[in-house]
Each structure stands twice: as C-alpha cells, then as structure tokens.
Amino acid sequence: MSMTQINWYPGHMKKTKDLIEENLKLIDVVLEMVDARIPLSSRNPNIATLSKGKKRIIVLNKADLVLKPELEKWKKYFKEQDLADEVVEMSAETGFNVKKLYDAIEFVSKERKEKLMKKGLKKVSTRIIVLGIPNVGKSRLINRIVGKNSAAVGNKPGFTRGKQWVRIKEGIELLDTPGILWPKFESHVVGVNLAISGAIRDEILPIEDVACEFLKKILELGKWDVLKQRYKLLDEDKDEIMEKILSSIAIRMSMLNKGSEPNVLQAAYTLLRDYRAAKLGKFCLDEII
C-alpha cells in the first residue's frame with residue numbers, strides 16, 4: 001500500500017499559507033494541536049516555520065488515550081528540541097486540562113505583558129490562534145474555550161476586514177478564523193499513522209491494508225498479548241502474515257459472511273475502532289528516535 005500517492009498538498013495550500021502568515025503578524029501565541037497518539041506524525045512542519053518568533057504551545061490532544069509516562073516523555077522531547085515553549089496534555093472532547101492550557105498561555109505571555117504594562121498600558125491582551133492538521137481537534141478545542149460566555153471584541157486596526165477577535169477569558173483573545181494546514185509528507189510511516197488514528201477518513205484508503213499495517217505495528221511494539229486476549233487469538237497466530245491474522249480475528253469473533261467466509265472488512269474496522277477507543281490499551285504509535 002502506498003500512502004504517498006494521495007495528494008496531501010492541495011492547490012489551495014499556497015493561499016491558506018499566505019492567509020496564516022498574514023494573520024500571524026497579529027498573534028502573540030500559537031497553539032499547535034497534535035494528536036497525543038501520534039505526536040510527530042500529526043505535526044505539520046510548516047507550522048514551526050510560520051510561527052517562528054512567536055510564543056508556541058503544543059497541545060497534546062486526546063491525551064486520555066495515552067498513558068501518563070508516554071505523555072511526559074513527549075512533553076520533555078518537544079521542549080528539549082525547542083519546538084515549544086510549553087506543552088499541555090489535554091482532551092478537547094472532555095475538557096480535561098483546559099485550565100492547564102489557560103495557565104500555559106498566561107505563563108508564556110507574562111514577560112510581554114509586564115513589559116507593556118511598564119510602558120503605561122493598563123490592560124494588555126494576549127492574542128492566540130489555533131493551528132494544526134485537519135481532524136486533530138481544532139474545532140472542538142475552539143468551541144470548548146470560546147464557550148457561551150465569550151464575546152466578540154470587534155475589528156482591530158491592521159487586519160483584513162471581516163476578521164474578529166473573540167475574548168475567551170479576561171486578557172486572552174482568539175482570532176476566530178484559524179487557518180487549516182494540510183500536511184505535506186513523503187513518509188510512509190506518517191501516512192500509516194494518520195490512517196490508523198482516524199485523521200484520514202476510512203473511505204479514502206483500503207481499510208484492510210490500514211488494519212494490516214496496524215497489526216504489524218502492534219507486533220513491533222510488543223503488544224501481541226492485548227490482541228490475543230481481546231480477539232481470542234492463539235499463540236501460533238502471531239507467526240502468520242498480517243492478512244491471515246486479520247482473517248483469524250474475523251473467525252474467532254464470529255464475523256462471517258454467507259458461506260462462513262471470514263468478514264475481513266468487518267474485522268479491519270473493528271480492530272481500528274477498538275484502538276481509537278483505547279480498547280486495546282493506551283499507547284502512542286510514534287516513537288522518539
């Protein structure tokens with residue numbers, strides 16, 4: 001399966017990139033969202049370039065699907081590699097650690113605010129934008145932090161007509177038109193990880209192929225026992241090719257077509273959905289090299 005034959009870099013990318021560059025002139029803090037299960041694969045290298053010179057917070061979304069020690073490892077990695085000023089693990093869906101995100105925004109903004117207040121400004125707002133690849137949770141995060149009590153603060157000088165700042169909390173404003181960046185990559189691993197985690201719609205790629213790639217990864221990560229227990233597999237199944245393991249899952253879980261043929265497609269969907277729901281354990285697909 002070639003994940004790289006898909007056009008990941010649509011024609012509108014140049015226009016989108018220009019729009020984000022224009023917006024970033026007005027921004028103090030960039031919130032870059034990544035999927036905590038695939039912290040590297042779900043990053044867009046363009047964001048690091050575009051946000052240079054800004055305060056950067058990496059939001060490890062879906063942190064409830066990864067164990068704490070792994071989260072701590074990635075938080076340390078991003079800071080040591082100077083990819084972020086702060087890293088916050090959270091869940092945009094459940095609201096877990098939203099307060100911690102606010103604290104991080106306040107922390108990275110403190111120096112700038114103090115300087116401006118020393119110059120005589122009584123009120124200083126921090127302007128933020130949320131960036132990330134599609135399906136990483138930007139909309140959920142924005143909806144959660146904007147909430148019902150937010151208020152549009154109107155147009156400000158120096159930016160394109162029609163854009164608005166929304167006050168999400170005293171002293172913090174969000175640009176209400178966050179840009180969307182598509183990833184451009186040539187890495188098979190990145191494509192596989194995005195497909196497994198659900199960042200790419202299941203209809204786009206052959207789901208059985210994605211499931212086989214996931215099985216291969218499960219074995220590499222040493223998590224065979226999880227599969228064995230959940231899908232009633234046997235020890236000897238471990239030595240089979242991935243397609244045969246997928247077929248065995250269908251048989252053991254009574255996923256059969258007419259004529260008692262294993263329904264491999266159903267098994268593939270079940271396998272991936274179980275991972276996405278943390279029913280196979282909480283773990284990352286990416287590894288720090």
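If you read the sequence from its start, that first residue is 1, and numbering goes on from there. Excluded from the calculations below are hydrogen atoms, water molecules and symmetry mates; all remaining heavy atoms, backbone and side chain alike, are included. Predicted model only: the values in this text are computed from it and were never measured.
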Q. Should the heavy atoms of other residues, nucleotides or ligands under 6.0 Å from CD of Glu111 be counted, would the total exceed 12?
A. no
(Q) Parallel, tilted or perpendicular, judged at 30° and 60°: which one describes the rings of Phe214 and Tyr275? (A) tilted
**Q.** Residue of the set Lys169, Lys113, Lys99 for which salt bridge (Lys or Arg N to Asp or Glu O under 4.0 Å) holds with Glu106
**A.** Lys113
Q. Does Glu89 come within less than 4.0 Å of Lys68, counting only side-chain N to carboxylate O?
A. yes
Q) What are the two closest non-hydrogen atoms of Lys238 and Leu219, and how far apart are they? A) CG-CD2, 3.9 Å
Q | Working for side-chain hydrogen bond (donor to acceptor under 3.5 Å, both in side chains), residues Asp286 and Ser41 | A | CA-CA 7 Å; Asp286 277 330; Ser41 297; 2.8 Å; yes
**Q.** Min side-chain heavy-atom separation Ile245-Trp224 under 4.5 Å
**A.** yes
Q) Under a 4.5 Å cut-off applied to non-hydrogen side-chain atoms, are Lys228 and Asp235 in contact? A) yes
Q. Are the side chains of Leu60 and Val34 in touch, meaning some heavy atoms are under 4.5 Å apart?
A. yes
Q. Does CZ belonging to Arg230 count more than 12 external heavy atoms closer than 6.0 Å?
A. yes
Q | NZ/NE/NH1/NH2 to OD/OE distance under 4.0 Å, Arg56 and Glu32 | A | no
Q. For Ser42 and Asp35, does a side-chain donor sit closer than 3.5 Å to a side-chain acceptor?
A. no
Q) Any salt bridge between Glu86 and Lys79, counting N to O under 4.0 Å? A) yes
